[in-house]
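Here is the structure we will look at.
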Amino acid sequence: MDQGHSKHEHHTPGYGIYIIIWLVLIGLTSITVTVAGIDFGMIALAIALFIAAIKSALVINIFMHIKFEEAIFKVFLLVSGMTLVVIFLLTFFDVYNR
Amino acid sequence: MANGVIAENNRSFFEESTNRHSGILSWLLTTDHKRIGILYLIAISAFFIVGATFGILMRLELIAPGETLMGPQTYNSFFTLHGVIMIFLFIVPGLPAIFGNFFLPLQIGARDVAFPRLNLLSWYIYILGAILVVTSLLLPGGPVDTGWTFYIPYSVRTGTNVSLAIFAAFVLGFSSILTGLNFVTTVHRMRAPGMDFFRMPLFVWSMYSTAWIQIIATPVIGITILLVMMERLFGIGIFDPSLGGDPILYQHLFWIYSHPAVYIMILPAMGIVSEIIPTFARRTIFGYKAIAFSSLAIAFVGYLVWAHHMFTSGISDTARWIFSFLTFIVALPSGVKVFNWVATMYKGSIDPKPPFLWVMSFIVLFSIGGLTGLVVGSLATDIHLHDTYFVVAHFHYVMFGGTGTIFFAGLYYWYPKMFGKMYNIKVANISVGLFFVAFNLLYFPKFILGYQGMPRRYYDYLPEFTQLHLISTIGSWIMGITLILIFANLIYSLLKGAKAPQNPWGGVTLEWHISSPPPLENFHEIPYVDHEPYDFSLLEKMKNESH
């Protein structure tokens with residue numbers, strides 16, 4: 001195992017960014033809660049998932065530092081993410097056609 | 001190749017330890033992948049024997065209609081425990097944890113896995129999960145009676161120790177995830193120089209595909225279990241319809257994990273078959289890349305078929321035909337494998353030693369299991385056969401006839417390498433034959449029973465089913481005797497067996513280039529790999545390596 005090599009620069013966003021992201025996440029959560037109270041019918045789920053997707057993207061990229069990592073980690077994460085999307089889609093074939 | 005020449009006075013990993021302790025502590029605190037593999041072998045075999053005992057006792061109850069040995073509640077607990085132990089403690093962790101741990105580093109020319117301490121932690125987590133399962137039997141409330149699937153709403157309402165049992169499954173999941181993580185990293189980072197992905201033995205490919213399923217699918221069951229806990233403990237309505245939940249959602253989430261888990265069980269077995277056939281046919285594997293990629297294809301398509309377990313649960317018609325269609329696609333990569341194995345044997349110089357015989361019975365039993373899978377994968381026939389003994393027969397042919405048979409094949413193939421002892425070949429041959437007969441007596445009548453309408457999970461049945469149930473029970477006795485023979489042969493050889501040579505079968509993958517049992521750090525010099533994995537022209541050269 002080699003130690004963290006010197007040529008690899010360590011990007012660390014400042015605390016300011018973390019706090020902004022945190023506020024954005026709280027904002028998005030309150031939107032989710034508000035939207036849940038309005039009757040959007042079939043698209044309510046799509047809206048909730050869309051907001052959740054933005055939130056996870058922020059957490060994964062900034063809090064989990066994936067934005068600053070090597071390409072291979074991004075590829076692996078993308079594969080897992082795509083699997084999840086496919087699983088969601090297939091489940092919707094059931095839920096929306098019952 | 002294998003320029004790692006081994007010193008004459010070499011000490012094996014049994015005699016040398018990774019820590020300064022001796023005796024039992026040197027095992028319990030070891031970070032050596034081989035010792036951890038053996039720790040798993042002991043624990044997993046023990047649970048297999050417990051699970052098999054439950055199975056044999058259930059068959060005894062079913063020898064005649066009416067109550068013969070146990071009442072309905074005990075029977076419900078027995079089939080649940082048989083399922084939970086066999087699935088979560090034997091067949092899911094079995095092959096990756098035992099043979100993956102022991103042979104993955106050896107086959108890629110590494111000294112250990114990427115994270116040896118994490119590897120030991122995985123074993124402890126496995127043991128913790130197992131202790132929780134056992135505890136759930138003994139506490140007031142009584143053993144779980146839901147079946148291994150813990151279907152909602154019954155599992156939320158039953159008074160038995162469901163919370164503890166599913167928590168055990170949650171804990172065992174972490175053991176699985178950590179093992180997967182370890183293997184993916186090991187395959188990416190620890191291969192010997194020259195060993196690119198297409199020079200890896202096929203067992204390594206199958207372990208790699210399995211590890212990915214363990215990482216991606218297992219968290220789903222973890223989350224599902226947490227949701228059930230929230231529902232049981234705090235009354236939050238998620239799955240229970242009386243609380244506003246959706247019971248079919250539970251089945252979706254459960255099978256989103258548990259169907260890929262079927263491939264966690266079978267892929268390593270397919271990898272071991274791809275090792276054994278070339279060795280005993282003295283021919284390179286037919287269609288190396290096709291087999292390697294079919295492992296990945298099975299791992300991927302395995303994610304897309306889960307709802308074929310739910311055709312009769314009330315899911316939408318659209319979903320039903322889509323999942324039925326996708327299910328048939330799995331047959332393609334599985335067929336690719338079977339045809340390639342058979343093609344490998346064509347014009348080979350076949351040496352029918354016990355591991356090879358195990359593989360032959362695997363091909364027959366697994367093919368029956370696979371083909372009857374198409375019967376229950378078709379929408380129309382599944383409506384008739386769902387929840388009958390047909391399904392019980394089908395998954396025993398796939399799981400026990402598939403993975404279980406290969407557990408023994410792997411054990412009989414690698415036993416001389418693991419322990420440096422040789423077992424009695426004649427007794428081993430008899431065990432395979434007896435196993436094949438016992439297996440078909442035990443499970444084939446269940447296909448007919450299911451077709452005639454015998455439902456699953458009942459301790460009692462109508463008189464017209466008596467004869468077939470009796471045949472099946474007799475099969476279970478022969479199976480019990482065979483299992484004793486299989487294990488007794490190995491244990492006796494461990495104590496009194498002849499010393500095994502370095503390469504008893506004439507295999508050419510890297511594990512056969514080192515002494516039996518292997519030295520502590522596997523290779524004195526990391527080998528350089530400049531050829532494909534099953535190049536039998538190496539055998540002549542390898543004769544000089546043996547001691």
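Proteins get letters first, then strands, A, B, ... in listed order; numbering begins at 1 in each. Computed from a predicted model, the values in this text were never measured in an experiment. Note that these values count all heavy atoms, side chains included, but never hydrogens, waters or copies made by symmetry.
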**Asked** Can you say whether L304(B) sits under 4.5 Å from chain A via the side chain, the backbone, both, or neither, judging by heavy atoms?
**Response** both
**Item:** Those residues of residues 311-321 of chain B, ordered by number, that approach chain A below 4.5 Å (heavy atom to heavy atom)
**Value:** G314(B), I315(B), S316(B), T318(B), A319(B)
**Asked** What are the residues of residues 88-98 of chain A, in order of number, with any heavy atom under 4.5 angstrom from a heavy atom of chain B?
**Response** L90(A), T91(A), F93(A), D94(A), N97(A), R98(A)
**Request:** Look up atom CE in M82(A) and atom CZ in F300(B), then write down how far apart they are to the nearest 0.5 Å.
**Result:** 8.5 Å
**Request:** Write out, in numerical order, the residues from residues 43-58 of chain A with a heavy atom short of 4.5 Å from a heavy atom in chain B.
**Result:** none
**Prompt:** Should we say atom CZ of F174(B) is surrounded by more than 12 heavy atoms from elsewhere, each under 6.0 Å from it?
**Reply:** no
**Message:** What's the separation between atom CD1 in I87(A) and atom CD1 in I256(B), rounded to the nearest 0.5 Å?
**Reply:** 5.0 Å
**Asked** Should we say atom CZ of F325(B) is surrounded by more than 12 heavy atoms from elsewhere, each under 6.0 Å from it?
**Response** no
**Prompt:** Sequence neighbours excluded, which residues qualify as ring pair (Phe, Tyr, Trp, His ring centres under 6.0 Å) partners of H308(B)?
**Reply:** H259(B)
**Item:** Per-residue contact mode, F323(B) against chain A (heavy atom under 4.5 angstrom)
**Value:** side chain
**Fill in**
Okay, S80(A) and chain B: the region with an atom under 4.5 Å from a heavy atom over there is both
**Message:** Using a 4.5 angstrom heavy-atom cutoff, name the option from D246(B), L326(B), I215(B) with the most pairs to chain A.
**Reply:** D246(B)
